[in-house]
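This report concerns only the one structure given below.
Numbering starts at 1 and runs along the sequence shown. In this text the structure is predicted, and so the values were computed from the model without any measurement.
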Amino acid sequence: MKKNVLLLVLLLALNNISLFGQNSNSENRIIKVDYSKEQGKMNTMFKESIGAGRANEGLRADWQQQLVMVKKECDFKYIRMHGLLTDDMGVYREDSKGNPEYNFQYIDALYDFLLSINIKPFVELGFMPNALASGKETIFWWKGNVTPPKDYKKWDDLIRNLTQHFTDRYGAEEVKTWYFEVWNEPNLSPGFWSSTQEEYFKLYDHTARVIKSVNKDYKVGGPATAGAAWVPETIEFCTKNNTPIDFISTHAYGVSQGFLDEFGTTGTVLNKDENSVSGEVINSRKQIANSVKPNLELHYTEWSTSYTPADAIHDSYHSAAYILQKIKQVGDAANSMSYWVFTDIFEEAGPRFTPFHGGFGLLNTQGIKKPAYFSYAFLNKLGETELKNTDKDSWVTKNAKGDVQLLFWDYTYTLPEKINNQEYYSKDLPSKPKGEVQIEVGGLKKGNYTLEIYKVGYKNNDAYTDYFAMGRPNQLSINQVKQIKQKNNGAPITTEKIAIDASGTFSKKYKINENDVVLFNFVKQ
């Protein structure tokens, strides 16, 4: 008996495993793929859409300059934002006799720019122009009116004129590729909607019918709810009333504690549930599949780690691995997952006073790339064909040129008990070792390759930690911005020449830390 116990202890030691479970510092992984064994076309739903704060911010030069870079490096296809119909866009007023007057100059300037860089609008129809509003309730620093229309005929006429204007300016074939989403988070009342679900459905019904009256092929949907709410109810309403609907849209955020406040003062806590966010998306797909409209598209038009633009996790290197983990878990359950948002030029709480304040953006106000940015930049480097791969925390792809891309990460939940995101992720947080990843790529074509290795993690494309080391100044000088940008530019951390012999096999062990993101790019010479 003693001999057997000793043998067991020896075997456990040899495998570097404790009696109480696997050592978190030695979770060795094997990623083994074959170039010839294809999974199929790479699913790129992650870059179908990206969010932005509000339409008026899109008229700023720095906002547009940042979006040009984001388009080039991440290649998002659509962009969605609030406030298209608010008074700062100058869309609607009434004359002294109460007759509507329309003005689409600001929308034209914004949409002309978007289309010029090959990004299409995901048109969120809201909020209410003050002259058309039934009340005075507003949200945010920029006072988006959240009340129903005082006159549904005037609302119908506004939507009809706007939709016809889009058709006349851009052509029906172009507008057929857009999405029209009715309102934003009407289930948060008071907040984004001052009335009831019944009243929202009335607004949706009017809006959808008017859009379809301009062109039956234009795509309209909703309910754009927070927390994956109202999906079965929306489908049931549209079915019962023969109301047009082409897609379901809703939102999810990865926190389990805290409230929707612009300044993060209530203290948010990252959800420890492994299926946070992704579980909601998969459930929404199931709700659609089990409905009488099982083929509706599903668009998550907002998602992120946290729903407040004052949450330090947005700036932390932990976000990069989290984003990839959730996108991989979602798989093909959603047609798009629109990350909220691309830039900290975002004024729901008014202009922000510090360079890093936990803003939603992939970029900070000065255009410094946060770790989260590189999740999307690295995803955009993947090839069009996915290879079969049993490792759940990676993608391996290839392109037509014979190049191979391997994107892998470690996501580890490190938030201690009884501490919130604002306290924890605002610190300097060194990462712990997480063992080695054994990489084996077979079936490669014989010849010479350049292997580029890219990385995000603690002090690797980790702008916030560099900012922290500067003493977290309230303002950054031009030289400080330049210094942080140069250090966090997403360039390969190493580049080496490798030769693949007749065996067609590449093998390498790579040490990884908690919440590292690593991209191997094999470029065939």
For the rings on Tyr78 and Trp178, is their centre-to-centre separation under 6.0 Å?
no
Would Thr250 and Trp230 count as having a side-chain donor-acceptor pair, cut-off 3.5 Å?
no
With no hydrogens and no angle check, do the side chains of Thr225 and Glu185 hold a donor and an acceptor under 3.5 Å apart?
no
If you define the side chain from C-beta out and look only at heavy atoms, does anything of His314 sit under 4.5 Å from Ser306?
yes
Does the separation of the ring centres of Trp395 and Phe378 fall below 6.0 angstrom?
no
Report yes or no: is the cationic atom of Lys427 (NZ for Lys, CZ for Arg) under 6.0 Å from the centre of the six-membered ring of Tyr424, at an angle within 45° of the ring normal?
no
Does CZ in Phe104 sit with more than 12 non-hydrogen atoms of other residues, nucleotides or ligands closer than 6.0 Å?
yes
Candidates Leu519, Asn521, Asn399 - the one meeting side-chain contact (heavy atoms from CB on, under 4.5 Å) with Leu382:
Leu519
If you round to the nearest 0.5 Å, how far is CG of Leu415 from OG1 of Thr412?
13.0 Å
Do Asp462 and Lys370 meet the salt-bridge criterion of a basic N to acidic O distance under 4.0 Å?
no
Should Asp311 and Thr268 be marked as a side-chain hydrogen bond (donor to acceptor under 3.5 Å, both in side chains) after you check the CA-CA gap, both sets of side-chain angles, and the distance that decides it?
CA-CA 7 Å; Asp311 193 327; Thr268 43; 2.5 Å; yes
side-chain hydrogen bond (donor to acceptor under 3.5 Å, both in side chains) evaluation trace for Glu94 with Tyr92
CA-CA 7 Å; Glu94 295 180 1; Tyr92 181 91; 2.6 Å; yes
Step through the shown structure and confirm whether more than 12 heavy atoms of other residues, nucleotides or ligands are within 6.0 Å of CD on Glu101.
yes
In terms of the angle between their ring planes, are Tyr467 and Phe356 parallel, tilted or perpendicular, with boundaries placed at 30° and 60°?
tilted
So which heavy atom on Leu362 is nearest to which on Tyr373, and how close?
O-CB, 3.4 Å
Where do Phe374 and Gly490 come nearest, in terms of heavy atoms and distance?
CE2-CA, 3.3 Å
Taking the side chain from Asn364 and the backbone from Gly367, do they hold a donor-acceptor pair closer than 3.5 Å?
yes
Any idea which heavy atoms bring Gly267 and Asn420 closest together, and the distance?
CA-ND2, 3.6 Å
Yes or no on salt bridge (Lys or Arg N to Asp or Glu O under 4.0 Å) for Lys508 and Glu436, after CA distance, side-chain angles and deciding distance?
CA-CA 10 Å; Lys508 185 180 182 71; Glu436 288 184 330; over 6 Å; no
So is Lys47 actually on top of Phe76's ring, under 6.0 Å and inside 45° of the axis?
no
Could you check if a side-chain atom of Ile484 sits within less than 4.5 angstrom of a side-chain atom of Leu476, using non-hydrogen atoms only?
yes
Would you say that Gln66 contacts Phe342 through its side chain, given a criterion of any heavy-atom pair below 4.5 Å between the two side chains?
yes
Residue pair Gln65 / Arg60, side-chain heavy-atom distance below 4.5 Å:
no
Examine the side chains of Asn479 and Ser477 and answer whether a donor and an acceptor come within less than 3.5 Å of each other.
no
Can the ring centroids of Tyr253 and Trp340 be said to lie less than 6.0 angstrom from one another?
no
Once you measure the plane-to-plane angle for Trp193 and Tyr200, does it fall in the parallel (<30°), tilted (30-60°) or perpendicular (>60°) bin?
perpendicular
Donor-acceptor contact present, side-chain Asn103 to main-chain Val91, <3.5 Å:
no
Does the distance from a Lys or Arg side-chain N to an Asp or Glu carboxylate O, for Glu347 and Arg352, drop under 4.0 Å?
no
Run the salt-bridge test on Asp391 and Arg29 with the 4.0 Å N-O cut-off and return the result as yes or no.
yes
Under 3.5 Å side-chain donor-acceptor pair for Thr414 and Glu514:
no
Under 3.5 Å, is there a donor on one side chain and an acceptor on the other for Asp410 and Asn515?
no
Under a plain distance cut-off of 3.5 Å, with no hydrogens placed, do Tyr458 and Asp428 share a side-chain donor-acceptor pair?
yes
Would you mind reporting whether Asn56 and Thr86 have side-chain heavy atoms less than 4.5 Å apart?
no
Between Asn380 and Lys72, which heavy-atom pair has the shortest distance, and what is it?
ND2-O, 4.2 Å
Does the gap between the ring centers of Phe360 and Phe346 come in under 6.0 Å?
yes
Ring center gap for Tyr411 and His318 short of 6.0 angstrom:
no
Got a sec: does the NZ of Lys150 have more than 12 other heavy atoms crowding it under 6.0 Å?
yes
Which pairs would a plain distance check flag for residues 128-140, meaning a side-chain donor or acceptor within less than 3.5 Å of a matching protein atom at least two apart in sequence or in another chain?
| from | atom 1 | to | atom 2 | distance (Å) |
| --- | --- | --- | --- | --- |
| Asn130 | OD1 | Asn145 | ND2 | 3.3 |
| Asn130 | ND2 | Asp87 | OD2 | 2.8 |
| Ser134 | OG | Pro148 | O | 2.7 |

Tell me if the centroids of the rings in Tyr376 and Phe46 come within less than 6.0 Å of each other.
no
Any heavy-atom pair between the side chains of His299 and Ile248 that's under 4.5 Å?
no
Intermediate values then yes/no, salt bridge (Lys or Arg N to Asp or Glu O under 4.0 Å), Arg80 and Glu124
CA-CA 7 Å; Arg80 173 189 178 269; Glu124 180 200 303; 3.0 Å; yes
Begin with the C-alpha distance, continue with both residues' side-chain angles, and end with the deciding distance and a verdict on salt bridge (Lys or Arg N to Asp or Glu O under 4.0 Å) for Arg169 and Asp108.
CA-CA 9 Å; Arg169 188 173 185 86; Asp108 290 348; 3.4 Å; yes
Please find the pair of heavy atoms, one from Val341 and one from Gly53, that lie closest to each other, and give the distance.
CG1-N, 4.2 Å
Are side-chain heavy atoms of Pro121 and Leu115 found at a separation under 4.5 Å?
yes
Check step by step if salt bridge (Lys or Arg N to Asp or Glu O under 4.0 Å) holds for Arg54 and Glu57.
CA-CA 6 Å; Arg54 83 182 194 276; Glu57 292 156 2; 2.9 Å; yes
So does Lys77 have more than 12 non-hydrogen atoms from other groups sitting under 6.0 Å from NZ?
yes
Note: Ser49 and Ser338 closest approach over all heavy atoms is OG-OG, 3.1 Å
Indicate whether any N or O donor in one side chain lies under 3.5 Å from an N or O acceptor in the other, for Glu302 and Tyr300.
no
When you check the gap from the basic side-chain N to the acidic O, do Lys369 and Glu73 get nearer than 4.0 Å?
yes
Could you tabulate the donor-acceptor pairs under 3.5 Å formed by side-chain atoms of residues 269-281, not counting sequence neighbours?
| from | atom 1 | to | atom 2 | distance (Å) |
| --- | --- | --- | --- | --- |
| Asn271 | OD1 | Asp273 | N | 2.9 |
| Asp273 | OD1 | Asn275 | N | 2.9 |
| Ser278 | OG | Gln329 | OE1 | 2.6 |

Decide yes or no for Leu85 and Phe127: does some side-chain heavy atom of the first lie under 4.5 Å from some side-chain heavy atom of the second?
no
Decide, yes or no, whether a salt bridge links Lys328 with Asp393 under the criterion of side-chain N to carboxylate O below 4.0 Å.
no
Centroid-centroid under 6.0 Å between Tyr339 and Trp303 rings:
yes
Is a side-chain N or O of Ser116 found less than 3.5 angstrom from the main chain of Phe113, in a donor-acceptor match?
yes
If we ignore hydrogens and angles and just use 3.5 Å, is the side chain of Ser249 paired with the main-chain N or O of Ala224 as donor and acceptor?
yes
Could you tell me if the ring centre of Phe180 sits under 6.0 Å from that of Phe122?
no
